Amino acid sequence: MSDASRHSTPRRLRAWLAAALILCAAAAAQERDYLNPLTDAERELAVRIARDDARVREMAGDGLVRLVYVELSTVKSTRPNRRGESQAAGRFAEVLQYRYDGDTGVLALVDLGKRKVDAVERVEGGAVPLTQEDLKEAVRLALDDADTRALLGHEASRYVVPDPAATESPPYAIRALLVHAYDERDSCFRRRCVQLFFQQRDAYLIDSAVVDLTGRQVRILKGERHDPPSH
Amino acid sequence: MIRLPIDPLLVATRSHRRLRAVLLLLVLWALSGVASAQCSGAYLVEQGFPVGGTEETHWRVCWATHVKNGLVITGAWFRKAPGAPFVRVLWDGRISEIFVPYHDGSPRYYDVTNFSFNLTSVSTADCPGPSGGPIASNVCKEVRDRGLVWKDYAQVRRGQELSLWGALGAGNYNYVMEWIFRDDGMLIGRVGATAVNLPSKPLMTHVHNPMWRLDIDLNGAWGDSVAEMIHTESGLNGIDNHALIRTERGLQWKLPSFTGLHVTDSALKNGKGHTSGYILMPWNAHGVSRHQEAFTQQDMWVSRYKWNEKDARYLPTYVSPAEPTVGTDNVLWYKGAMHHHPRDEDGEFVGNSWRGEAHIMWTGFMLMPFNLFDRTPLR
């Protein structure tokens, strides 16, 4: 073996191992942490990509559209990894928006790696969750309503929507449920309605407010009060 | 072009050998990352059993919190012995829906998909130490004794389990979403309903129907099949049948049939050469619900994996037209039911208010290993 090859061989060895390391590290990085929640930067990127997509824009229309959520989606690859296990097809986000006119949702699957929308789907309005903005709007409408204020009395202004991260409930809290109307005669039939419950410390008022977000109407729903059947 | 030397050991100096060793370790580290969990930090829970003793079994769990679904298991692997490989059990496990119809026909709440409910905050009052505690502001971890595993006269073995749970703040209700990973490879999912009865109808009977979506990937997503286990009686004989589920469909849980869904992977076998699997069966079921809505007419469903099929209320459309489910990537769905008949213990009217706390009611499912071990574990 010549002197030149003696010197070049370790260099080659080093280069080969370094290349192997880079390849392995890249493969590891691709899979490591792909199940961790989206970062704020990824969320922002996902929303931007979704809103820029022509198909999403067409489905969302020109009216009032509200962002409902951005979530990690662990879409499976059609190929297993080197150990024969399932693996994620990449880093994906689901972006759901709600369109008020037409009561529909628009769900976009965003491929964050390729920075493009992979799929777009229409979602029935009834399957689109109530957003915090919906809730705030419903509370605002209710607290502006004379009947609701009469129900709550002089403490009306003290009612707030609790912060989910708070460790203690506020003394006057508003809790909400989305209303599904099955009867055509119901004023909430095919409309986005929210029922607001009013909690005073450890008790709830049995009367509640139903807010029609589509029609921006509020009505008081009298609670049912009767003694339980004795068996 | 980079070529490997014929015999690097002959030409490598001591320092080169050191360098090579370091690089090889780094390569192995990188490869081990591929083989280990795909989550990290607080989102990764590693739990060996028994706690405080020589490890026999091990669970590796990735979790996340999602809008709507609350506490979601984004991956779960089980290792049956220290030298054995991890077997992936769940690709994804989540509560897809909690449907709550009231006896007078209205309201009919979809407590998961209709809301962006958050998990409530938790503290050490929820999950005290020393072997547990909050692992996030809204998720508890508990490691606890689970009672007897087996007893044989004077010989006895108690078991342990890891529990991860969070409570969905669903208006007046709280739903405790709990995932339990046992030392024997059993996985239990359960939901507990508690807090305050519907303030506008606190005395109206209703049913809470949690529906789980369980994306079980044994030994990879491919090659999985599901069979319905059916027990019948004929004269003095009991007969057990495994009916392979060939296409997507819903199934009813029949009490006298001990209905279960047996999931297997064609390539996953134990040391005896027996096909390994898991059996899905009810846990703490005191009844089955049948409401007007079509998705509530069945208790278990088998569907093909699709990224966008996550909403239980659309199950009838997911399985129509029915696609083949043999030797492929399937998702199982399970519906539990809690029939809540209000009682004085729930609360009382005080003036124009309702005051009281409904104690927790539970329903859930079990995923029991079948031929995963070679012999009795935890001896």
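Worth knowing before you read on, the calculation uses all heavy atoms, side chains too, and leaves out hydrogens, waters and symmetry mates. Naming convention: chains lettered A, B, ... in sequence-line order (proteins, then strands); numbering from 1 in each chain. All of these numbers come straight from a predicted model, not from anything done at the bench.
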Between [options], which residue shows the highest count of heavy-atom pairs closer than 4.5 Å to chain B?
options                      : answer
A/Gly223, A/Ala119, A/Gly126 : A/Gly126
A/Val128, A/Leu130, A/Leu96  : A/Leu130
A/Ala176, A/Ser208, A/Ala181 : A/Ala176

Is [X] in contact with chain B via its backbone, its side chain, both, or neither, using a 4.5 Å heavy-atom distance?
X        : value
A/Val75  : both
A/Glu168 : neither
A/Gln195 : side chain
A/Ser169 : neither

Looking at [options], which one has more heavy-atom pairs under 4.5 Å with chain A than the rest?
options                      : result
B/Leu44, B/Thr74, B/Thr120   : B/Thr74
B/Asn114, B/Asp92, B/Val72   : B/Asn114
B/Val350, B/Val112, B/Asp215 : B/Asp215

Closest non-hydrogen atom pair between [X] and [Y], with its separation:
X        : Y        : result
B/Asp311 : A/Ala127 : OD2-CB, 3.7 Å
A/Ser73  : B/Trp307 : OG-CE3, 4.1 Å
A/Tyr204 : B/Gly171 : OH-O, 3.9 Å
B/Ser121 : A/Ala166 : OG-O, 3.0 Å
B/Trp222 : A/Ser77  : CZ2-O, 3.5 Å
A/Ile206 : B/Phe349 : CG2-CE2, 3.8 Å

(request) Determine, stepwise, if the pair B/His66 / A/Glu94 fulfils side-chain contact (heavy atoms from CB on, under 4.5 Å). (result) CA-CA 11 Å; B/His66 281 207; A/Glu94 289 178 21; over 6 Å; no
(request) Decide side-chain contact (heavy atoms from CB on, under 4.5 Å) for A/Val68 and B/Val67; before the verdict, give the C-alpha distance in whole Å, the side-chain angles of both, and the deciding distance to 0.1 Å. (result) CA-CA 9 Å; A/Val68 181; B/Val67 173; 5.8 Å; no
From [atom1] ([X]) to [atom2] ([Y]), nearest 0.5 Å:
X        : Y        : atom1 : atom2 : answer
A/Leu35  : B/Trp91  : CG    : CH2   : 6.5 Å
B/Asp217 : A/Lys76  : CG    : NZ    : 3.5 Å
A/Ile220 : B/Ser200 : CD1   : OG    : 12.0 Å
A/Asp186 : B/Ser106 : CG    : OG    : 7.0 Å
A/Asn36  : B/Trp63  : CG    : CH2   : 10.0 Å

(request) Select one option (side chain, backbone, both, neither) describing which atoms of B/Lys310 are under 4.5 Å from chain A's heavy atoms. (result)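 Looking at B/Lys310, just its side chain touches chain A.
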(message) What part of B/Ala170 gets within 4.5 angstrom of chain A, counting heavy atoms only: side chain, backbone, both, or neither?
(response)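 It is the backbone, since no side chain atom gets that close.
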(message) Working note: A/Glu224 + B/Asp104, criterion side-chain contact (heavy atoms from CB on, under 4.5 Å); need CA distance, chi angles, decisive distance, verdict.
(response) CA-CA 12 Å; A/Glu224 292 180 11; B/Asp104 60 346; 3.9 Å; yes
(request) For chain B, find its close neighbours in residues 104-112 of chain A: heavy-atom separation under 4.5 Å, sorted by number, or none. (result)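 Answer by number: A/Leu107, A/Leu109.
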(request) Compare all side-chain heavy atoms of A/Leu177 with those of B/Leu198 and state whether any distance is below 4.5 angstrom. (result)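 Result yes, sub-4.5 Å side-chain heavy-atom pair found.
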(message) Any non-hydrogen side-chain atom of B/Tyr43 less than 4.5 Å from a side-chain atom of A/Pro37?
(response)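 The answer is yes; the side chains approach within 4.5 Å.
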(request) Inspect the surroundings of NZ in A/Lys114 and state if more than 12 heavy atoms from other residues, nucleotides or ligands are less than 6.0 Å away. (result)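 At most 12 heavy atoms, drawn from other residues, nucleotides or ligands, come within 6.0 Å of this atom.
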(message) For a side-chain contact (heavy atoms from CB on, under 4.5 Å) check, start with the C-alpha distance between A/Arg175 and B/Val196, then their side-chain angles and the critical distance, and finish with the verdict.
(response) CA-CA 11 Å; A/Arg175 312 277 182 189; B/Val196 181; over 6 Å; no
(request) Test the B/Lys68-A/Tyr69 pair against the cation-pi criterion, namely NZ or CZ under 6.0 angstrom from the six-membered ring centroid and within 45° of the ring axis. (result)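 Verdict for A/Tyr69: no cation-pi partner in B/Lys68.
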(message) Strictly below 4.0 Å, N to O, side chains only: are B/Arg313 and A/Glu124 in salt-bridge contact?
(response)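 A salt bridge is absent here (no side-chain N lies under 4.0 Å from a carboxylate O).
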